[in-house]
Amino acid sequence: MHILIVEDEPRLAETLRELMLEQRYQADIVYDGADGIDYGITNQYDLIILDVMLPKIDGFQVARQLRLSHISTPILMLTARDEVSSKISGLDCGADDYMTKPFDSGELMARVRALTRRRGEVLSNIVSVGDLSLDCTSRTLTCGNRAVQLGFKEFDIMRLLMLSAPSVVTKESLITKVWGVESDAEDNNVEVYISFLRKKLTYLDSHVYVSTIRKVGYSLVHTQ
Ligand code: CA
């Protein structure tokens, strides 16, 4: 778990980091709003703890800017201000939760766990590329209002292609990851499953198709 702390009071920032470390969460600290935006956009965090009163750019603006940049990382706002109005603007600008200082560390950690759990479920269950989404729990591939369930091998292959898209996945890497290093599966085993997947994509009427890169492997490509 990787957390960004945006807090200009060094002692409080350090206390927060220690609380996170006790839960084995790794935390980065930045001390102003500009760095908050910069770090939030360029790194993948599981949660951002964001103070409101910050040098350069305030916490509300930081949250708004991150959401405008399509960063969906959960944001927990932390502030000395306890008026109802600042709570509303905090949630309005894209924060997911809100706590006022001084905070109780037990309550803070409970909220951190709740926010990161929600995130984890979303991340692990659904993979999307173009108009396709793959539910990794039910192995269901959906496009618009059509859905098909994939077999185990089809699912493993599709998931790898989707996670790598638009990059090419080599046949070798598919064999190793789907059939295992020790298996005697061959290129034509892969080809058979790719043809199953292509039929399913045709049935789904998806704009995404499996492109063959001769003698190398496959990649997922969009048509318009
Ligand atoms: Ca502050």
Side-chain angles (χ1 to χ4, degrees), residues 1-129 133-137 162-167:
M1 198 71 73
H2 199 187
I3 292 174
L4 176 64
I5 297 167
V6 190
E7 169 59 67
D8 59 317
E9 291 166 48
R11 210 181 301 165
L12 178 56
E14 202 44 56
T15 304
L16 285 166
R17 173 159 42 200
E18 280 163 17
L19 278 171
M20 299 306 137
L21 281 175
E22 281 173 22
Q23 304 292 318
R24 297 168 202 241
Y25 297 164
Q26 196 192 332
D28 294 339
I29 299 176
V30 293
Y31 300 97
D32 65 59
D35 281 348
I37 292 172
D38 190 28
Y39 275 65
I41 289 176
T42 50
N43 300 285
Q44 284 218 328
Y45 291 103
D46 299 289
L47 176 72
I48 298 171
I49 297 179
L50 180 61
D51 185 28
V52 170
M53 300 300 281
L54 286 168
K56 297 186 186 170
I57 302 172
D58 74 33
F60 297 136
Q61 294 298 327
V62 172
R64 199 166 289 127
Q65 193 54 53
L66 289 173
R67 294 305 183 232
L68 282 173
S69 308
H70 306 291
I71 302 297
S72 59
T73 309
I75 296 175
L76 173 60
M77 288 209 119
L78 213 55
T79 177
R81 290 196 280 180
D82 55 359
E83 304 92 347
V84 176
S85 65
S86 63
K87 178 165 185 166
I88 291 166
S89 38
L91 297 175
D92 262 5
C93 67
D96 298 87
D97 201 357
Y98 192 97
M99 274 192 88
T100 50
K101 296 188 234 175
F103 55 83
D104 172 76
S105 58
E107 190 187 347
L108 175 81
M109 290 318 296
R111 291 187 188 213
V112 166
R113 280 192 296 273
L115 287 167
T116 51
R117 189 160 50 229
R118 215 176 293 161
R119 169 81 171 169
E121 282 167 9
V122 173
L123 274 185
S124 60
N125 279 349
I126 310 276
V127 188
S128 301
V129 171
S133 50
L134 180 62
D135 183 322
C136 299
T137 310
M162 288 177 84
L163 288 174
S164 313
S167 303

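Remember, it's 1-based here, ligands and their atoms both numbered in the order they're listed.
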* Closest N/O/S atom of Asp8 to the Ca ion (ligand 1), by atom name? -> OD1
* Asked: Can you name the N, O or S atom of Asp51 that is closest to the Ca ion (ligand 1)?
  -> OD2
* Asked: Is Asp35 salt-bridged to Lys56, cutoff N-O under 4.0 Å?
  -> no
* Asked: Looking at Glu14 and Arg11, does any basic side-chain N land under 4.0 Å from a carboxylate oxygen?
  -> no
* Asked: Roughly how far, to the nearest 0.5 Å, is CD1 of Ile29 from CD1 of Ile49?
  -> 10.0 Å
* Would Met53 count as a contact for the Ca ion (ligand 1), in the sense that one of its N, O or S atoms lies under 3.0 Å from it? -> yes
* **Sub-4.5 Å side-chain heavy-atom contact between Val52 and Met77** => yes
